[in-house]
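Shown next, in structure tokens, is the structure this report addresses.
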Amino acid sequence: MKISTIAVIMAMADEAKPFIEALGLKPAVSAFDSRLPMEVYTGAVEKAEVVLVVGGKDRRFGVDNVGTQPATLSTYLAIDTFKPDLLINAGTAGGFKSKGADIGDVYIGSDSIRFHDRRIPIPGFAAYGIGSYRTPDVDDVATALGLKKGVVSTGNSLDMLPEDRLVIQANQGVVKEMEAAAIAWVADLYQIPLIALKSITDLVDTDTPTQDDFLKNLNLASEKLQEKLTAAIYYFAGNERPFADDTSLAS
Ligand code: SAH
């Protein structure tokens, strides 16, 4: 498979800004129904088309549309409109000091992407809740770009309840964020490979409150994210054998 259209899905405007500037992406104003908050930018890297969908602002609350529902919708719209052959979910995330994370480290999701806050203790539904969407084999790209690797774990809260902590541990999660597993669900429906790139804004197993770390480090982490995301796009654009094993998304 040759990668000719890459769709990048991001939640927050501040995360996206350095990337839009670095690639000189231009707004595509009427790409989606005008009632939707999502913002679309397009551009080109070598022979590949690059599309960026950002969640936009919530009409009532005025804040960025973070979390799983907007991410699901952004991904559906990106796929339906632009027919990408690769999806990249790029954003910020919490890391674990105990697992060697530092602020500004950029991880690529490896192995599987899982949910940690969908606890449904009914036969069959428990596993459905966790999701476990397989990632492509990212060893080559991780080595080429100097990325850390790990399981990305998704939930709809910035904080971490004791229950969440236990599930993240059981999930072998090393990156905690709020969108990737939702995007992986849509990617799996359409059988489009998904890469998750996550830059660490906060360390969830230290004493500093997550939100303080997050706000302090958002700009630094978004700049680091931009560097790796741009490098990833150059790596994938036109690449005929992007992953070490040829399977894309087999869950
Ligand atoms: N308080 C922030 C809200 C952002 S929500 C603000 O004022 O702007 C956090 C966003 O960053 C989500 O999109 C999520 O994917 C990511 N994120 C960063 N650190 C996280 C963490 N420790 N836990 C969950 N999500 C995190």
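Residues take their numbers from the sequence shown, with the count starting at 1. Counting starts at 1 for both ligands and their atoms, in listed order.
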Sequence-distant partners of N156, side-chain contact (heavy atoms from CB on, under 4.5 Å), two or more places apart: T68, Q69, D117
Considering only the protein, which heavy-atom contact is closest to atom 11 (O) of ligand 1, and what is its distance? T92 OG1, 3.1 Å
More than 12 heavy atoms of other groups within 6.0 Å of K26 NZ: no
Which of the numbered atoms in ligand 1 are under 4.0 angstrom from any heavy atom belonging to A93? 17 (N), 18 (C), 19 (N), 20 (C)
Treating Ile, Leu, Val, Met, Phe, Trp and Tyr as nodes and any side-chain heavy-atom pair under 4.5 angstrom as an edge, say whether L218 and L197 lie in one connected cluster. no
Relative to the heavy atoms of V66, which atoms of ligand 1 are at a distance of less than 4.0 Å? 5 (S), 13 (O)
Between ligand 1 and E179, can you find any atom pair, the residue atom being a heavy atom, that is separated by under 4.0 Å? yes
State plainly whether the residues R119 and D164 are in salt-bridge range, i.e. N to O under 4.0 Å. yes
Under 4.0 Å from one or more heavy atoms of T201, ligand 1 contributes atoms 18 (C), 19 (N)
In the protein, what heavy atom is nearest to atom 2 (C) of ligand 1, and what distance, to one decimal place, separates them? F214 CE2, 3.4 Å
Between D111 and R134, is there a salt bridge with N-O shorter than 4.0 Å? yes
Please give me the minimum heavy-atom distance between H116 and S153, naming the atom from each residue. ND1-OG, 2.9 Å
What protein heavy atom lies closest to atom 23 (N) of ligand 1? Include the residue and the distance to one decimal. K176 NZ, 2.8 Å
Would you please determine whether G67 falls within less than 4.0 Å of ligand 1 on a heavy-atom basis? no
Numbered atoms and elements of ligand 1 in range of S157, under 4.0 angstrom, heavy atoms: 24 (C)
Can you report which non-hydrogen protein atom sits closest to atom 19 (N) of ligand 1, along with the distance? D202 OD1, 2.7 Å
Check whether any N or O atom of E177, backbone or side chain, sits under 3.5 Å from an N or O atom of ligand 1, and answer yes or no. no
Quick check on contacts: which atoms of ligand 1 are under 4.0 angstrom from a heavy atom of M12? 4 (C), 8 (O), 10 (C)
Check the orientation of F115 and Y133. Use parallel for under 30°, tilted for 30 to 60°, and perpendicular for over 60°. perpendicular
Contact region, M160 to ligand 1, non-hydrogen atoms below 4.0 Å, reads neither
Per-residue contact class, L158 against ligand 1 - non-hydrogen pairs under 4.0 Å: both
Is the NZ atom of K148 crowded by more than 12 outside heavy atoms at less than 6.0 Å? yes
Counting only nitrogen or oxygen atoms and a 3.5 angstrom limit, does M178 reach ligand 1? yes
The atoms of ligand 1 lying under 4.0 Å from a heavy atom of T210, numbered in the order shown, are 22 (N)
Run the numbers for me: atoms of ligand 1, each under 4.0 Å from some heavy atom of V204, listed by number. 22 (N)
Sub-4.0 Å heavy-atom approach of L215 to ligand 1: yes
Walk me through whether F19 and T230 qualify under side chain to side chain contact (heavy atoms under 4.5 Å, CB included). CA-CA 7 Å; F19 174 63; T230 301; 3.9 Å; yes
Could you tell me which non-hydrogen atom of I9 sits nearest to which non-hydrogen atom of A78, and how far apart they are? CD1-CB, 3.8 Å
Would you say N89 and K198 are linked by a side-chain donor-acceptor pair, where the criterion is simply a distance under 3.5 Å? yes
